[in-house]
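Working notes for the structure below.
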Amino acid sequence: MNFQQLRIIRETVKRNFNLTEVANALFTSQSGVSKHIKDLEDELGVELFVRKGKRLLGLTDPGKELVVMVERMLLDAGNIKRLAEQYSNRDEGRLTVVTTHTQARYALPKVVTAFKKAFPKVYLKLHQGSPEEIVSMLLDGQADIGIATEAVAAVAELASFPYYKWHHSIIVPAGHPLENVRPLTLEAVAEYPLITYHEGFTGRSNIDKSFAAAGLSPEVAMSAMDADVIKTYVELGLGVGIVASMAFQPEREGELRLLDSRHLFPVNTTSIAVRRGHYLRGFAYRFIEMCSPTLTEAAVRSSVAPTTNGQGDE
């Protein structure tokens with residue numbers, strides 16, 4: 001048994017038993033993937049996959065048990081490497097943080113600046129993706145830290161921690177009739193086309209639930225992942241915008257106006273997440289603590305429950 005076979009097993013399950021996709025993901029051939037699987041089955045003396053001809057349809061019972069062990073073995077292999085790097089080069093290495101555009105653009109700049117000053121030799125990769133991509137990258141070990149409002153807190157394999165709370169805000173062009181509606185109501189907002197986030201991004205579900213609870217079905221004229229895009233089209237007069245409060249910076253917004261709408265939508269909580277059992281380098285704990293001083297290494301470590309007893313930087 002070798003690590004290439006283990007990676008093939010994991011990728012085969014992840015990619016719904018499509019060996020072409022597995023081969024592409026691992027930069028090998030489909031015939032090579034098939035051979036590795038057959039060699040492993042021969043070595044173990046059991047079939048791991050349910051087959052129909054040459055197609056793989058699913059996992060056998062021993063295959064299901066093996067996948068759990070494979071995930072643990074690959075996780076521990078990565079942990080061993082990170083443990084060695086921790087003690088050989090404490091302040092050097094690579095940290096991958098995966099987050100949404102909103103967090104990368106508005107919540108993290110000060111944290112990233114402080115982190116790079118403290119750890120100039122650490123290569124920081126800031127990857128932007130959807131909440132689903134964030135979960136996937138954390139579970140696959142492609143990222144060390146995930147930051148998002150959706151998805152991460154509901155995944156049992158992830159340890160998640162509250163980062164900060166925020167609310168949605170209504171934005172309109174200067175002179176818009178809603179500026180004179182006080183107090184602002186959902187009924188008044190629903191009279192206009194809306195421009196807001198895609199489904200699954202930046203608290204969109206809370207926006208939809210608020211209107212539904214009020215018995216309203218507003219027209220969503222446009223949606224985008226990026227608050228800057230939303231603001232651009234609101235400024236053009238194509239609709240009323242609903243964005244994350246931190247995305248509105250008065251000194252930069254020109255002819256846009258922010259309306260007091262905290263009473264219209266529930267509070268959102270952005271979370272920081274890491275995979276349980278994933279060994280974090282000392283500087284990863286420092287990054288999390290820079291985000292939220294209450295999230296000390298001791299607090300995070302107890303929840304992450306790493307599989308080694310190595311200590312981070314003092």
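When a residue number appears, it is its place in the shown sequence, counting from 1. Keep in mind the model is a prediction, meaning the values are calculated, not measured. Only this structure's heavy atoms are used, side chains among them; waters, hydrogens and symmetry mates stay out.
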Exercise for the section: Taking Arg275 for its side chain and Leu158 for its backbone only, find out whether a donor-acceptor pair lies under 3.5 Å. Expected result: no
Practice task
Could you tell me whether the side chain of Glu92 reaches within less than 4.5 Å of the side chain of Tyr123, counting heavy atoms only?
Solution key: no
Exercise for the section: Tell me yes or no: between the side chains of His278 and Asp144, is some donor less than 3.5 Å from an acceptor? Expected result: yes
Practice task
Measure the shortest side-chain to side-chain distance between Leu56 and Val50 over non-hydrogen atoms and say whether it is less than 4.5 angstrom.
Solution key: no
Exercise for the section: Locate the shortest heavy-atom distance separating Asp39 from Gln5; write the atom from each residue and the value. Expected result: CB-NE2, 3.9 Å
Problem - Single-linkage hydrophobic cluster Phe201~Tyr164, side-chain heavy atoms < 4.5 angstrom - result: no
Exercise for the section: Flag yes if Leu184 and Val243 sit in one hydrophobic cluster, no otherwise; membership is Ile, Leu, Val, Met, Phe, Trp, Tyr, and two members link when side-chain heavy atoms are under 4.5 Å apart. Expected result: no
Exercise for the section: Would you check if there is a donor-acceptor pair between the side chains of Thr270 and Thr149 at a distance under 3.5 Å? Expected result: yes
Practice task
Give me the one residue out of Lys14, Gln30, Glu11 that meets side-chain contact (heavy atoms from CB on, under 4.5 Å) with Val22.
Solution key: Glu11
Practice task
Answer yes or no: is there a side-chain heavy-atom contact under 4.5 Å between Arg105 and Asp228?
Solution key: yes
Practice task
State, to 0.1 Å, how close Ala247 and Tyr197 come at their nearest heavy-atom pair, and which atoms those are.
Solution key: CB-OH, 4.4 Å
Practice task
May I ask you to decide if the ring planes of Phe115 and Phe283 are parallel, tilted or perpendicular, using 30° and 60° as cut-offs?
Solution key: perpendicular
Practice task
Indicate whether the side chain of Lys125 and that of Thr96 have a donor and an acceptor atom separated by less than 3.5 Å.
Solution key: no
Problem - Thr28 (side chain) donor-acceptor with Ala23 (main chain) under 3.5 angstrom - result: no
Handout entry: Contact check, side chains of Pro177 and Tyr192, non-hydrogen atoms, under 4.5 Å
Key = yes
Problem - Hydrophobic cluster membership, Met69 vs Leu48, 4.5 Å side-chain cutoff - result: no
Problem - Side chains of Ser292 and Ile288 in contact at under 4.5 Å (non-hydrogen atoms) - result: no
Handout entry: Salt bridge flag under 4.0 Å for residues Arg51 and Glu41
Key = yes
Handout entry: Within 6.0 angstrom of Lys35 NZ, more than 12 heavy atoms from elsewhere
Key = no
Exercise for the section: Quick one: closest heavy-atom pair of Glu289 and Glu297, and the distance? Expected result: OE1-N, 4.3 Å
Exercise for the section: Taking the side chain as every heavy atom from C-beta outward, state whether Pro173 and His176 have any pair of such atoms under 4.5 Å apart. Expected result: yes
Practice task
Look at the side chain of Thr60 and the backbone N and O of Gly63, then say whether any donor-acceptor pair between them is shorter than 3.5 Å.
Solution key: yes
Handout entry: Within-4.5 Å side-chain heavy-atom neighbours: Tyr285 and Leu280
Key = yes
Problem - ILVMFWY cluster, Phe248 and Leu178 together (side-chain gap under 4.5 Å) - result: no
Exercise for the section: State plainly whether the residues Lys231 and Glu253 are in salt-bridge range, i.e. N to O under 4.0 Å. Expected result: yes
Exercise for the section: Determine the minimum heavy-atom distance between His263 and Asp260, stating which atoms define it. Expected result: CE1-O, 3.3 Å
Practice task
State, without any angle test, whether Thr102 and Thr100 hold a side-chain donor-acceptor pair at a distance under 3.5 Å.
Solution key: no
Practice task
Supply the atom-to-atom distance Tyr106 OH to Trp166 CH2, rounded to the nearest 0.5 angstrom.
Solution key: 12.0 Å
Handout entry: Asn18 (side chain) donor-acceptor with Thr20 (main chain) under 3.5 angstrom
Key = yes
Problem - Any donor-acceptor N/O pair, Thr99 side chain to Gln128 backbone, under 3.5 Å - result: no
Problem - Side-chain donor/acceptor of Thr12 to backbone N/O of Ile8, under 3.5 Å - result: yes
Problem - Derivation of the side chain to side chain contact (heavy atoms under 4.5 Å, CB included) call for Val304 and Tyr279 - result: CA-CA 8 Å; Val304 174; Tyr279 184 89; over 6 Å; no
Handout entry: NZ/NE/NH1/NH2 to OD/OE distance under 4.0 Å, Arg204 and Glu199
Key = yes
Handout entry: Same apolar cluster: Ile272 and Val98, side chain cutoff 4.5 Å
Key = no
Practice task
Drop me the distance from Met290's CE to Phe119's CZ, to the nearest 0.5 angstrom.
Solution key: 5.5 Å
Handout entry: Interatomic spacing from OG1 in Thr202 to NE2 in His101 - rounded to 0.5 Å
Key = 8.5 Å
Practice task
Kindly give the heavy-atom pair with the smallest separation between Phe49 and Leu59, and that separation in Å.
Solution key: CE2-CD2, 3.6 Å
Problem - CE/Met246: more than 12 non-hydrogen atoms of other groups inside 6.0 Å - result: yes
Fill in the blank from the handout: On a heavy-atom basis, the closest approach of Ser303 and Arg276 is O-NH1, 3.0 Å
Exercise for the section: Walk me through it: do Leu259 and Glu179 pass the test side chain to side chain contact (heavy atoms under 4.5 Å, CB included)? Expected result: CA-CA 7 Å; Leu259 306 184; Glu179 287 189 86; 4.0 Å; yes
Handout entry: CD1-CG distance between Ile145 and Leu138, expressed to the nearest 0.5 angstrom
Key = 9.0 Å
Handout entry: CG on Asp42 to CD1 on Ile37, rounded to 0.5 Å
Key = 12.0 Å
Problem - Residue pair Leu186, Ser210: steps toward the side chain to side chain contact (heavy atoms under 4.5 Å, CB included) verdict - result: CA-CA 8 Å; Leu186 289 174; Ser210 295; 4.3 Å; yes
Problem - Point-to-point distance, once rounded to the nearest 0.5 Å, from OG of Ser245 to CZ of Arg262 - result: 9.0 Å
Problem - Check: Ile207 and His168 side chains under 4.5 Å, non-hydrogen atoms - result: yes
